[in-house]
Structures are given as structure tokens and as C-alpha cells.
Visitor: 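Handing you a structure now.
For the numbers below, each heavy atom of this structure counts, side chains included, while hydrogens, waters and symmetry mates do not. For the single chain, residues carry numbers from 1 onward in sequence order. As the structure is a computational prediction, the values presented were derived from the model and not from experiment.
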Amino acid sequence: MQRDGESQADGMSGEDRPDVEFHPAGSIPKPPRQPQGYFPGEEKQHPALITEAAPSLEQQHRDRVRRYITIMSLRIPCLIGAAVAYSVWHSWWLSLLIIGVSIPLPWIAVLIANDRPPRTKDEPSRWDGRRDQIALESNPHKAIDG
């Protein structure tokens, strides 16, 4: 460093000086430390999640259609199975039982396909406990007839 009265030429040149961090007077330098904890986006293989948005409506529709088709695709094998059961075992009650199982499948498929996506744990509950409150009692009051 340069002292009072010395010139640059007298001391070490800028190239010969050791690299030293400058700290303001009175400050205490802190040692570098590693961050602790998990910081989203640190991993290079996983992108950071920047939103908690629900799946798109198109994705929800595709999922509901897939569920509907899966359930409805069980109905035709049930009908074929009833015909096979009757032709192999000559059991009309077994055939009727299999057909009876296939009858509510369209109704079940529609109910399941029209259901909303399952609620997440982060989604707030809409129940606020109003039914647990006691209603105010009404005392008889005088009415003025006019």
C-alpha cells in the first residue's frame, strides 16, 4: 500500500501487490459460509416450480374421457362373458348376474367422469363450522298495528 509521501514508483507496482479485500474501517470480515436448507431451482435436472396452478382444463377433460372409456370398455366384455357363461355352463342365473353387474356401468362411468379432480392438501377447506353455532333466541316482541 502507499503511505503518505511515497509515490507509486517507490513502492510495489499495482501488478506486484497481493490481492487483498478492502473492508471499511471498523468492519469485521465474515468468513464465507455455505447456504443451508433447500432452495428451489438449485438442482439442474428439475425446473423450479413457479406456480401452484391446477391442471389445465384440457388435461382434466382428457383424464375424465380416459376414465369414462375405461369403465365403459368393461361393459362389452361383461355382455360377451354372459353369453359365454350361458353357452358353456347353461347357467341362466350366472348370465343374468354378469348382465346385472354391467347394467349400472354407464351410470357409474358418467358419475366418475363428471367428478372434479381430487382435492389437494394445500387447498383450503370451505367448512367454517357455522352449523355448530347456536341460533339466537327470539323473544316475543310487541307489534304496532297501524
Side-chain angles (χ1 to χ4, degrees), residues 1-3 8 11-146:
M1 291 181 69
Q2 190 176 12
R3 294 184 189 160
Q8 280 278 357
M12 297 188 304
S13 67
E15 299 169 355
D16 299 334
R17 291 185 181 172
D19 291 332
V20 179
E21 291 183 31
F22 172 75
H23 297 287
S27 69
I28 300 173
K30 295 182 181 178
R33 64 182 184 123
Q34 295 295 324
Q36 297 176 347
Y38 171 74
F39 298 98
E42 277 185 328
E43 301 91 20
K44 300 299 180 202
Q45 69 269 21
H46 300 293
L49 179 64
I50 60 171
T51 181
E52 294 181 7
S56 68
L57 293 177
E58 292 82 16
Q59 179 65 36
Q60 289 180 17
H61 183 260
R62 280 193 301 268
D63 292 341
R64 290 196 323 255
V65 168
R66 188 176 305 125
R67 275 183 265 157
Y68 178 82
I69 290 173
T70 302
I71 295 171
M72 287 303 290
S73 66
L74 297 175
R75 191 164 194 214
I76 294 174
C78 282
L79 296 176
I80 294 172
V84 168
Y86 184 74
S87 66
V88 171
W89 294 296
H90 301 289
S91 175
W92 60 269
W93 60 269
L94 183 60
S95 297
L96 286 178
L97 180 69
I98 295 172
I99 291 173
V101 169
S102 71
I103 287 175
L105 284 179
W107 177 71
I108 292 170
V110 168
L111 285 180
I112 291 175
N114 287 337
D115 193 18
R116 69 181 294 273
R119 193 171 294 222
T120 62
K121 292 181 180 179
D122 299 334
E123 196 171 344
S125 175
R126 301 290 186 238
W127 174 252
D128 58 359
R130 291 185 194 167
R131 293 186 182 182
D132 296 336
Q133 295 176 351
I134 299 173
L136 297 175
E137 297 178 12
S138 64
N139 295 330
H141 57 279
K142 296 179 182 177
I144 301 174
D145 292 328

Visitor: I need the minimum non-hydrogen distance between Cys78 and Ile98, along with the two atoms involved.
Guide: O-CG2, 3.0 Å
Visitor: Show your reasoning for whether side chain to side chain contact (heavy atoms under 4.5 Å, CB included) applies to Leu94 and Trp89.
Guide: CA-CA 9 Å; Leu94 183 60; Trp89 294 296; 3.9 Å; yes
Visitor: Please enumerate all residues that pass side-chain hydrogen bond (donor to acceptor under 3.5 Å, both in side chains) together with Trp107, with sequence neighbours excluded.
Guide: none
Visitor: Nearest 0.5 Å, what's the CZ-CD1 distance between Arg67 and Ile108?
Guide: 14.5 Å
Visitor: Working to the nearest 0.5 Å, report the span between CD1 of Ile80 and CZ of Arg75.
Guide: 12.5 Å
Visitor: For the CD1 atom of Ile99 and the CH2 atom of Trp92, what is their distance to the nearest 0.5 Å?
Guide: 12.0 Å
Visitor: Just how far is it from atom CG of Leu79 to atom CG of Leu74, taken to the nearest 0.5 Å?
Guide: 11.0 Å
Visitor: Measuring from atom CD1 of Ile76 to atom CG of Leu105, what distance do you get when rounded to the nearest 0.5 angstrom?
Guide: 11.0 Å
Visitor: Does Thr70 have any side-chain hydrogen bond (donor to acceptor under 3.5 Å, both in side chains) partners at least two apart in sequence or in another chain, and if so, which?
Guide: none
Visitor: Could you check Arg64 against His61 for side chain to side chain contact (heavy atoms under 4.5 Å, CB included), going step by step and ending with a plain yes or no?
Guide: CA-CA 5 Å; Arg64 290 196 323 255; His61 183 260; 3.9 Å; yes
Visitor: What residues, two or more places apart in sequence or in another chain, satisfy salt bridge (charged side-chain N to carboxylate O under 4.0 Å, His left out) together with Arg66?
Guide: Asp63
Visitor: Do Tyr68 and Ile112 have side chains that approach each other closer than 4.5 Å (heavy atoms only, starting at C-beta)?
Guide: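 When only atoms from C-beta onward are counted, Ile112 and Tyr68 do not touch, as no gap falls below 4.5 Å.
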Visitor: Considering non-hydrogen atoms only, spot the tightest contact between Ser102 and Pro106 and give its length.
Guide: O-CD, 3.7 Å
